[in-house]
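Below: the structure, in structure tokens.
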4 protein chains.
Amino acid sequence: MPKVSANERAATRTRLLEAGKAEFAERGLAGARFDEIAVAAGHAKGTIYNYFDSKEELFFTIVGEWCALLVDAIDAEPQGSARQRLRRVAELDVEIARKDPDLALVVVQQMPTLVVSHASAVNAALEPGLARLAAIVRAGLEAGEFRSAQSADTIVRLFLSTLSSFELEALLPDTEFALDDVVGLLDRHFLEGFCERAPIPVASTEDIS
Amino acid sequence: MPKVSANERAATRTRLLEAGKAEFAERGLAGARFDEIAVAAGHAKGTIYNYFDSKEELFFTIVGEWCALLVDAIDAEPQGSARQRLRRVAELDVEIARKDPDLALVVVQQMPTLVVSHASAVNAALEPGLARLAAIVRAGLEAGEFRSAQSADTIVRLFLSTLSSFELEALLPDTEFALDDVVGLLDRHFLEGFCERAPIPVASTEDIS
Amino acid sequence: MPKVSANERAATRTRLLEAGKAEFAERGLAGARFDEIAVAAGHAKGTIYNYFDSKEELFFTIVGEWCALLVDAIDAEPQGSARQRLRRVAELDVEIARKDPDLALVVVQQMPTLVVSHASAVNAALEPGLARLAAIVRAGLEAGEFRSAQSADTIVRLFLSTLSSFELEALLPDTEFALDDVVGLLDRHFLEGFCERAPIPVASTEDIS
Amino acid sequence: MPKVSANERAATRTRLLEAGKAEFAERGLAGARFDEIAVAAGHAKGTIYNYFDSKEELFFTIVGEWCALLVDAIDAEPQGSARQRLRRVAELDVEIARKDPDLALVVVQQMPTLVVSHASAVNAALEPGLARLAAIVRAGLEAGEFRSAQSADTIVRLFLSTLSSFELEALLPDTEFALDDVVGLLDRHFLEGFCERAPIPVASTEDIS
DNA sequence: AATGAATGAGCATTCATTCAT
DNA sequence: TATGAATGAATGCTCATTCAT
């Protein structure tokens with residue numbers, strides 16, 4: 001016999017998460033202020049602590065939400081060539097960003113920092129998705145579809161970070177580049193590079209200088 | 001008649017900048033502490049204010065140093081095809097990162113955040129280099145060497161952010177991917193995408209699902 | 001017609017008091033937390049306010065319970081010499097401490113603080129007992145059984161505080177001194193000092209130094 | 001070449017300690033507020049952190065100051081019988097309390113709490129003094145001057161806690177009992193109990209009831 | 001009466017910035 | 001110019017108390 005229904009609790013929690021996304025997207029982990037989050041959520045500061053133990057927990061809950069969405073997206077598309085499957089993952093990721101731009105901004109903006117200073121926490125949250133993506137890449141390499149001097153794990157990390165930087169560019173205001181352009185660009189400028197083709201020879205820089 | 005020679009002043013300034021790079025690389029703009037920087041530089045906290053007006057100025061001086069190095073690199077290689085010239089810029093940028101990894105870490109790590117919250121300051125510092133790179137790209141587009149649905153300005157931003165994410169990956173500890181791999185990867189996966197070639201057709205995702 | 005029977009109410013109240021004793025014994029008045037008390041009592045935090053107006057009231061109810069027990073103890077033994085009667089009061093007090101060590105810990109630990117910052121509240125709660133004890137001492141003084149330069153009121157306060165410090169010592173963990181030793185020690189060292197006897201002369205310190 | 005002289009630093013530190021004593025004496029460790037301490041010392045709140053790492057460090061510095069004074073006092077009087085020497089220690093302790101009543105109030109008021117919840121920190125600070133006092137008591141026991149069922153260590157703890165409670169009583173406002181009365185009372189009501197004498201028989205309580 | 005979510009005042013602590021020496 | 005003590009605004013977090021259900 002709780003005082004408020006589970007629905008109300010969930011709604012409050014969601015409001016706090018939304019406000020947190022906006023604040024973290026604008027100021028980052030270190031710069032975010034609980035006062036602002038509380039006001040934006042229409043609650044008192046102390047209320048946040050009824051739902052999250054600390055600023056970091058709120059932040060990583062948000063990052064974790066994105067990780068979970070990404071992992072779901074990866075799980076959702078098991079068929080096709082490696083390139084098709086990665087392209088599809090990118091499409092789903094862009095879809096996530098379209099539905100919740102603040103969430104995407106938090107992630108793409110903070111990821112480089114997190115990967116330096118909170119590597120383990122981020123890796124743990126992403127691990128299932130990373131493993132899955134690595135399997136896709138590995139299959140592509142083994143089937144001869146992909147060629148690369150890099151390992152599957154490295155390719156996965158580069159794939160995600162390149163996807164992130166494109167999305168960031170698309171999410172910035174005053175930019176002509178939009179989310180709609182991300183997948184095509186990533187396909188042509190990153191994924192295609194793994195595929196066999198007649199290369200256009202380019203004189204090495206050393207030949208010129 | 002200054003009490004300390006210009007040499008000493010310059011040496012102190014350099015020491016502060018070096019210490020600042022290390023601290024900003026480790027903690028970011030918001031997280032960096034003047035106490036640490038001062039101690040690492042072997043000076044008192046107040047001394048920083050004899051050289052820089054504020055934490056932000058110190059930070060943007062460091063970012064500006066990188067921008068200047070990049071602009072120099074861009075200016076240094078005016079010849080060849082657009083692809084060759086961008087590849088050369090990337091090589092020089094990697095060289096900068098190799099010589100001063102802390103500086104590179106600051107830039108590649110903080111850039112996504114800055115570009116959101118300090119867009120104007122960053123743009124101002126990068127403007128000369130951006131304009132130059134845009135000219136290179138524009139020449140490539142006009143000569144028919146490059147093909148892209150994106151504008152030259154957009155291509156430049158994507159070029160720099162992709163270069164950044166590759167460098168970040170290479171600078172992280174415990175990674176097999178190294179600075180030596182950056183340029184080749186960027187050339188094959190990003191730059192080559194702008195060049196005319198027989199594309200390998202890929203069935204669109206819609207055909208499959 | 002209350003929804004819960006008087007028995008249930010009393011049981012809940014007792015559970016809250018017990019949990020309060022444990023918490024106050026461990027953390028003191030300022031450090032005690034209602035959350036802990038509520039959880040330990042198996043109730044919600046708000047329930048406490050159905051029984052006590054505030055933290056202080058809960059605390060003073062507990063202190064008051066001890067005071068009442070002490071007053072009862074004092075009332076229970078009206079006969080004998082002053083020394084015998086005070087000794088008997090000490091015995092009963094030790095008995096109280098043995099039956100409820102948490103309660104005793106609260107009192108002996110907090111009393112010095114309370115007596116400084118809540119003197120009036122404590123005095124009010126103890127007043128009946130203090131008056132009774134003072135009467136006993138006064139009778140001893142008037143009968144010539146006791147000799148002291150101090151007033152009866154002072155003697156009572158010293159008696160209680162000495163008794164408290166001995167009990168505290170006995171209640172601490174890892175101590176060889178036990179509750180069983182308290183009364184004997186108090187009798188021999190404190191009470192006996194009031195009684196006429198051939199004193200063992202001691203050279204005053206000044207004679208030596 | 002510090003900005004302020006060592007004297008000024010020491011003066012500021014002393015002012016903070018004095019203000020801290022007063023606040024801790026009035027509110028205890030948990031209840032003390034840095035705002036009040038800062039204002040009372042005539043400084044900003046942040047200044048306290050230039051001298052002490054935390055509230056607890058400030059508090060234990062104060063307690064430690066008292067411990068050091070006590071240890072000094074114990075070291076100062078190595079001659080005479082055990083009773084004389086303990087009496088002398090008590091005299092010196094009272095002297096300390098007379099010179100700095102706030103300091104004494106902090107200690108006598110908080111000691112019971114500390115001994116429960118911070119036993120190790122307090123024991124460490126007092127250890128040298130405790131050992132010294134135990135040696136005095138042990139000498140008295142071995143010489144046959146003292147008789148007790150308790151160990152030397154226990155006697156020392158009881159001695160100090162009884163001394164504390166008497167001092168607390170003397171330090172309270174509106175009390176006729178004064179610091180001047182403490183040593184005599186302690187000698188007659190505590191120390192004398194250890195010495196051989198013709199006891200005044202007292203019928204045990206059991207004989208009566 | 002019981003609940004427990006919401007509240008918001010209160011507080012320790014941090015840290016960029018100032019300024020007297 | 002260099003110093004580092006002093007400052008005080010800013011902020012994460014705690015917790016007794018309230019109150020709608």
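Predicted model only: the values in this text are computed from it and were never measured. Order of the sequence lines fixes the chain letters, A, B, ..., with proteins taken first and strands second; residue numbering starts at 1 for each chain.
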Rounded interatomic separation in angstrom, taking CZ from B:R27 and P from E:dA16: 11 Å
Phosphate OP1/OP2 of E:dA6 contacted by A:T12 side-chain N/O (<4.0 Å): yes
Closest listed nucleotide, where the reference is the side chain of C:Y51 and the choices are E:dA1, E:dA5, E:dT13: E:dA1
Whole angstrom value for the distance that separates P of E:dA1 from CZ of C:R13: 12 Å
Sugar-phosphate, base or nothing in reach of B:A30, heavy atoms under 4.0 Å: nothing
Euclidean distance, atom CD of residue A:E8 to atom C1' of E:dG4 [Å, nearest integer]: 12 Å
Main-chain N/O of D:I62 paired to D:K21 side chain as donor or acceptor, under 3.5 Å: no
First encountered from the 5' end of DNA chain F, between C:A32 and A:K55: A:K55
Identity of whatever pairs with F:dC15 - Watson-Crick or G-U, under 3.5 angstrom: E:dG8
Note, B:I48 side chain near B:H43 side chain (heavy atom, < 4.5 Å): no
Interface with DNA chain E, restricted to residues 33-50 of chain B and to heavy atoms under 4.0 Å: B:R33, B:F34, B:K45, B:Y49
Nearest-Å distance for atom pair CD/P, residues B:E56 and E:dC15: 16 Å
D:T47 OG1 to D:L16 CG distance, which is reported to the nearest 0.5 Å: 7.0 Å
Stacked cation flag B:R9 on B:Y51, 6.0 angstrom / 45 deg: yes
Pair C:F59 and C:F52, ring centroids less than 6.0 Å apart: no
Strand partner of F:dT21, provided both Watson-Crick or wobble distances fall under 3.5 Å: E:dA2
Nearest-Å distance for atom pair CG/P, residues A:L58 and F:dG12: 11 Å
Euclidean distance, atom CG of residue D:D53 to atom P of E:dT14 [Å, nearest integer]: 8 Å
Note, A:T113 side chain near B:Q110 side chain (heavy atom, < 4.5 Å): yes
Nucleotide F:dG12, atom P - distance to CZ of A:F59 in whole Å: 14 Å
Rounded distance (Å) that lies between atom P of E:dA12 and atom CG of D:L29: 10 Å
4.5 Å side-chain heavy-atom contact, C:I37 and C:K45: no
